[in-house]
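Ligands are counted one by one from 1 in listed order, and the atoms in each one are counted from 1 as well.
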Amino acid sequence: MAIRLYGAQTGNSRRAAIALEEAGISYSVSRVDLRAGEHKTAAFRVLNPRGLIPVMVEEGKAGTDLVVTQSNAIMFYAASRSRERLTPDPGQEAALFFDRLFYFITEVIAPNGGAFALRAC
Ligand SMILES: N[C@@H](CCC(=O)N[C@@H](CS)C(=O)NCC(=O)O)C(=O)O
């Protein structure tokens with residue numbers, strides 16, 4: 001089924017795109033112009049009521065599109081669809097995998113983004 005990724009040049013969009021690429025999944029991109037506020041339009045909020053990117057839409061059978069609005073959920077969906085083994089099986093290896101993943105998600109990425117925002121002031 002066709003996959004479309006709505007995003008822009010942001011970290012969350014990039015990681016979703018990188019995961020799809022790494023998984024070897026074919027997808028198309030719709031660039032969302034954040035400066036123009038495209039992500040806050042009523043049309044976009046049909047996809048994500050929070051008005052945030054990225055959003056991944058996988059076309060399904062009539063009216064059953066899969067809409068995923070969290071970059072990390074897109075990453076795991078991509079990994080689950082990959083022929084390659086991108087995530088470990090449950091067990092100690094997975095515990096370490098998630099330990100590092102959540103360290104970056106919760107403790108590194110946000111302060112890092114905040115630093116860039118401050119630098120832009
Ligand atoms: N938890 C979400 C966060 C999404 C998010 O914060 N997206 C930002 C760009 S990276 C956004 O859309 N910002 C626009 C705004 O806040 O108006 C994810 O991981 O995908």
Side-chain angles (χ1 to χ4, degrees):
M1 294 294 178
I3 290 182
R4 179 170 293 269
L5 181 66
Y6 295 81
Q9 296 289 356
T10 71
N12 287 327
S13 294
R14 283 192 182 122
R15 83 170 93 152
I18 289 168
L20 290 165
E21 293 285 341
E22 288 293 324
I25 293 171
S26 159
Y27 66 101
S28 57
V29 172
S30 285
R31 282 181 183 265
V32 177
D33 187 341
L34 297 180
R35 286 178 195 268
E38 281 179 5
H39 56 311
K40 302 300 182 192
T41 61
F44 189 82
R45 285 184 193 272
V46 170
L47 296 176
N48 185 356
R50 296 177 66 218
L52 298 173
I53 54 159
V55 176
M56 186 201 79
V57 179
E58 182 170 32
E59 206 176 89
K61 292 175 190 153
T64 59
D65 290 354
L66 172 68
V67 180
V68 184
T69 63
Q70 292 293 321
S71 57
N72 297 298
I74 297 169
M75 286 172 60
F76 277 95
Y77 183 64
S80 75
R81 290 272 311 270
S82 174
R83 289 199 194 101
E84 305 293 327
R85 184 172 174 264
L86 297 180
T87 53
D89 295 330
Q92 290 188 343
E93 193 186 346
L96 292 176
F97 169 85
F98 284 112
D99 188 57
R100 279 136 179 86
L101 177 67
F102 288 120
Y103 169 68
F104 276 97
I105 289 172
T106 63
E107 296 184 39
V108 175
I109 291 174
N112 191 39
F116 277 106
L118 282 175
R119 197 163 168 228
C121 291

I'd like to know if G11 contacts ligand 1, where contact means a heavy-atom distance under 4.0 Å to any ligand atom.
no
For atom 13 (N) of ligand 1, the protein heavy atom that lies nearest, with its residue and separation:
L52 CD2, 3.7 Å
So which heavy atom in the protein is nearest atom 4 (C) of ligand 1, and how far is it from that ligand atom?
I53 O, 3.3 Å
Could you report the tightest heavy-atom contact between A8 and V32, atom names first, then the distance?
CB-O, 3.5 Å
I would like to know whether K40 and L52 meet side-chain contact (heavy atoms from CB on, under 4.5 Å); could you show each step before the answer?
CA-CA 8 Å; K40 302 300 182 192; L52 298 173; 4.1 Å; yes
Can you name the atoms of ligand 1, numbered from 1 with element, that are less than 4.0 Å from a heavy atom of H39?
14 (C), 15 (C), 17 (O)
Taking the side chain as every heavy atom from C-beta outward, state whether F76 and L101 have any atom pair closer than 4.5 Å.
yes
Number the atoms of ligand 1 from 1 as they appear, then name those within less than 4.0 Å of a heavy atom of N12, with their elements.
3 (C), 4 (C), 5 (C), 6 (O), 7 (N), 10 (S), 18 (C), 19 (O)
Name the closest protein heavy atom to atom 19 (O) of ligand 1, giving the residue it belongs to and the distance to 0.1 Å.
S71 OG, 2.7 Å
With a 3.5 Å distance limit and no angle check, can you tell me whether S71 reaches the backbone of A16 through a side-chain donor-acceptor pair?
no
May I ask you to decide if A79's main-chain N or O and S82's side chain share a donor-acceptor pair within less than 3.5 Å?
no
Check whether any N or O atom of R50, backbone or side chain, sits under 3.5 Å from an N or O atom of ligand 1, and answer yes or no.
no
Option among M56, R4, E21 that satisfies the side-chain contact (heavy atoms from CB on, under 4.5 Å) test with Y27
E21
Please write down residue, atom name and distance for the protein heavy atom closest to atom 1 (N) of ligand 1.
Q70 OE1, 2.7 Å
Return the minimal non-hydrogen interatomic distance between G51 and R45, and the atom names on each side.
N-NH1, 3.7 Å
S13 to ligand 1: N or O pair under 3.5 Å?
no
Using the test salt bridge (charged side-chain N to carboxylate O under 4.0 Å, His left out), find all partners of E93 that sit at least two apart in sequence or belong to another chain.
R85
Are any of the heavy atoms in K40 under 4.0 Å away from ligand 1?
yes
Which atoms from ligand 1 have a heavy atom of P54 less than 4.0 Å away?
20 (O)
